[in-house]
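Everything below concerns the one structure shown next.
Positions are given from 1, in the same order as the sequence printed here.
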Amino acid sequence: MSQSNLLIIMSDEHQARAMGCAGHPFVQTPNLDALAARGVRFADAYTPSPICVPARAAFASGRYVHENRLWDNAMPYTGEPKGWGHTLQGAHIPVESIGKLHYRSDEDPAGFDTEHIPMQVVNGVGMAWASIRKEDERVGPPGGGRMLGEYIGPGQSKYIEYDAAVTERTRQWFADRAASGDDRPWCLYVGLVAPHFPLIVPQEFYDLYPLNSLPPVKLHPEDGHPRHPWVEKQNAMMDSEARFEDNEERLKAMASYYGLCSWLDHNVGQIMASLDEVGFGDNTTVIYTSDHGDNVGARGLWGKSNLYQESVAVPMIMAGPDVAPGTCDTPVSLLDISATVPDHFGLSFNGDGASLHAIATSDDDPGRPILSEYHAAGAVSGAFMLRKERWKLNYYVGFPPELFDMRGDPEELTDLAGDPAYAAKLAEMEAALRDILDPEAVDAQAFADQAALIERLGGRDAALKLGAPGATPPPEAKR
């Protein structure tokens, strides 16, 4: 058994490239950069689903979304199927959580000995209204509110207060653990919500990103770049871009998002400093990641919920006493963290991922296939991403696919799917996707399960009244 502790920090909606260590030209993340400098950064990491609840359920269980059949933000993790936390509990490894989980309920046996100030879905139900996905039946958020929040800019929010409370509780947890006299290796999961909207950030972090310094976004429809038809339909459900008051507010949204990335980084720095202060720094492996990314205006899109890199790629860093510094180019996903946790403690685990320790110490394997899938808010059909070698396939049930050369075109500016010169590669990538699942069968299963959920909740009219209209409110937490 490894004698080092394991700390997992998961943020919410942190775009993979929005870190200095990932090469971003202006985002300031000195603490994450420092963590990456002494560890390994996985340069090609992905979420199993680009929306909170399914991604977190897959992370908890270590299994693909289509295996869990927890498709959207109204189908939270309940502790089934059992995951890495249960494996640790079975071996009597101390395992606790602090902060955002986005599971169903504090009472569910989700794999933690104790859940400190957990943030769960609203009333154990979540966004039931968004489970109604058929284009002629769906509606936007109840009450007609703006998904990104009514106010955008510098200030304080419940999320800022919650992240501060989670950070302080983590610091106290380290101090209590160090004073406990219990020298068993432990596992702690910490869930922070930044940079998830509402796009409100403390003034000092907002001021890091003057509006006149922000670059134009890529592929905006106003500049003559039409969106893929599936993406157009998905975005039409809420269309955050269309609801800005003016261009200045749109720039404020960008500055606030990047400011929230720096606020997140500040809290990571506080956590890491406290880890050192109590003497755990040299004997703790740290993994940092996020549940999914954010489009931040690219293609005129905000939030997540699609298969482009801004949305589906996540940051992933691992540092610790046995981790050699460097960059790993093997594609990975959150499911690999799920496999890493038991492996770190010498335990076996049956999931869909592989240990990051093994991946990082092996030769890069660009041909390792990575799957992500989306069956949630706004999706008129299932969408599936397969990353393999230099290629990325976005497969949409009932719509044309997209194919990108991620080596030659990392910004996904040119869709090659309609080019006859790439027909064989497109067919090869679709065949590789079908080696993992049947997209049409999975799509049908998702719609059937969501229809059954709506029926259990009392029908469409009842479901439209359930759950948060936007960002999930955090619990009250005293620091």
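Between the side chain of Arg133 and the main chain of Arg138, no donor-acceptor pair closer than 3.5 Å is present. Distance alone, capped at 3.5 Å, is enough to place a donor-acceptor pair between the Thr170 side chain and the Val166 backbone. The closest donor-acceptor contact from the side chain of Arg41 to the backbone of Ile317 lies at 3.5 Å or more, if one exists at all.
Atom CG of residue Asp106 and atom CE of residue Met119 lie 12.0 Å apart, to the nearest 0.5 angstrom. Between the CZ atom in Phe59 and the CG atom in Leu335 there is a gap of 9.5 Å [rounded to 0.5 Å]. With values rounded to the nearest 0.5 angstrom, Glu412 atom CD is found 7.5 Å from Tyr308 atom OH. The CG atom of Asp365 sits 9.5 Å away from atom NZ of Lys388, with the distance rounded to the nearest 0.5 Å. With values rounded to the nearest 0.5 angstrom, Ser240 atom OG is found 8.5 Å from Ile152 atom CD1. Within the model, atoms CG of Leu199 and OH of Tyr257 stand 9.5 Å from one another, a figure rounded to the nearest 0.5 Å.
Side-chain polar atoms of Thr284 and Asn5 form a donor-acceptor pair below 3.5 angstrom. Under 3.5 Å, the side chains of Ser157 and Tyr162 contain no donor-acceptor pair of N or O atoms. For the residue pair Ser381 and His375, no side-chain donor N or O sits within less than 3.5 Å of a side-chain acceptor on the partner. Judged purely by distance below 3.5 Å, without hydrogens or angles, the side chains of Ser305 and Tyr374 pair a donor atom with an acceptor atom. Side-chain contact, Ser311 with Asn295: no donor N or O sits under 3.5 Å from an acceptor N or O. A donor and an acceptor atom, one from each side chain of His66 and Gln445, are nowhere located under 3.5 Å apart. Neither side chain, Trp71 nor Gln450, offers a donor N or O lying under 3.5 Å from an acceptor on the other. For the residue pair His102 / Gln120, no side-chain donor-acceptor distance below 3.5 Å is found, with atom types taken as modelled.
Residues satisfying the salt bridge (charged side-chain N to carboxylate O under 4.0 Å, His left out) test with Asp44, not counting sequence neighbours, are Arg387. Scanning for side chain to side chain contact (heavy atoms under 4.5 Å, CB included) contacts around Thr289 gives Met10, Val314, Met316, Leu334, Ile337, with sequence neighbours left out. Listed by chain and residue number, nothing satisfies the salt bridge (charged side-chain N to carboxylate O under 4.0 Å, His left out) test with Glu277 (two or more places apart in sequence, or in another chain). Here Tyr395 pairs with Arg434, Glu440 under the side chain to side chain donor-acceptor pair (under 3.5 Å) rule; sequence neighbours left out. Here Glu80 pairs with Lys82 under the salt bridge (charged side-chain N to carboxylate O under 4.0 Å, His left out) rule; sequence neighbours left out. Residues forming a ring-ring contact (aromatic ring centres under 6.0 Å, His included) with Trp129 (at least two apart in sequence, or on another chain): none.
Here salt bridge (Lys or Arg N to Asp or Glu O under 4.0 Å) pairs that include residues 170-182, with residues two or more places apart or in two chains, are Glu168-Arg171, Arg177-Asp182, Asp182-Arg184. The salt bridge (Lys or Arg N to Asp or Glu O under 4.0 Å) pairs that include a residue from residues 8-33 are Asp12-Arg56, Asp12-Lys100, Glu13-Lys304, Arg17-Glu310, Arg17-Glu411, where partners are two or more places apart or lie in different chains. A salt bridge (Lys or Arg N to Asp or Glu O under 4.0 Å) check over residues 108-117, counting only residues at least two apart or in different chains, returns the pairs Arg104-Asp108. Sorted by first and then second residue, the salt bridge (Lys or Arg N to Asp or Glu O under 4.0 Å) pairs with a member in residues 64-79 read Arg69-Asp449; sequence neighbours excluded. Listed by first and then second residue, the ring pair (Phe, Tyr, Trp, His ring centres under 6.0 Å) pairs involving residues 320-342 amount to none (not counting sequence neighbours).
Scanning both residues, Gly367 and Glu389, for their nearest heavy atoms gives CA-CG, 3.4 Å. The two residues Thr285 and Pro321 have their closest heavy-atom pair at OG1-CD, 3.8 Å. Of all the heavy atoms in Leu70 and Pro54, the pair that sits closest is O-CB, 3.5 Å. The minimum heavy-atom distance linking Met237 with Ala130 is given by the pair CE-CA, 4.3 Å. Counting all heavy atoms, side chain and backbone alike, Ala383 lies closest to Leu307 at CB-CD1, 3.7 Å. Smallest separation of non-hydrogen atoms from Cys187 and Ile8: SG-CD1, 4.2 Å.
Of the residues listed (Cys52, Ser290, Ser11), the one engaging His196 in a side chain to side chain contact (heavy atoms under 4.5 Å, CB included) is Cys52, and it is the only one.
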Problem - Criterion ring pair (Phe, Tyr, Trp, His ring centres under 6.0 Å) on Trp84 and Phe112, from CA distance to verdict - result: CA-CA 10 Å; Trp84 54 264; Phe112 296 108; 5.8 Å; yes
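Taking the six-membered ring where the residue is Trp, Phe205 and Trp263 present perpendicular rings, their angle passing 60° and hence far from 30°.
At least one side-chain heavy atom of Phe174 sits under 4.5 Å from a side-chain heavy atom of Leu188. At least one side-chain heavy atom of Ile359 sits less than 4.5 Å from a side-chain heavy atom of Asp336. A 4.5 Å side-chain heavy-atom check between Val332 and Leu356 finds at least one atom pair inside the cut-off. Residues Ser61 and Ser338 are not in side-chain contact: their nearest non-hydrogen atoms beyond the backbone lie 4.5 Å or more apart. Proximity of Leu433 to Leu437: side-chain heavy atoms (C-beta onward) are separated by under 4.5 Å at one or more points. Contact of the Tyr288 side chain with the Ile271 side chain is not registered, since no non-hydrogen atoms from C-beta on lie closer than 4.5 Å. Proximity of Ile436 to Tyr64: side-chain heavy atoms (C-beta onward) are separated by under 4.5 Å at one or more points. Side-chain contact between Thr472 and Val121 is absent, with no heavy-atom pair separated by less than 4.5 Å.
In this structure, Phe280 has its ring center closer than 6.0 angstrom to the ring center of Trp186. Ring centers of His86 and Phe349: at least 6.0 Å apart, outside the cut-off.
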Please set out all donor-acceptor pairs under 3.5 angstrom arising from side-chain atoms of residues 18-28, sequence neighbours excluded.
residue	atom	partner	partner atom	Å
His24	ND1	Phe26	N	3.2
His24	ND1	Val27	N	3.2

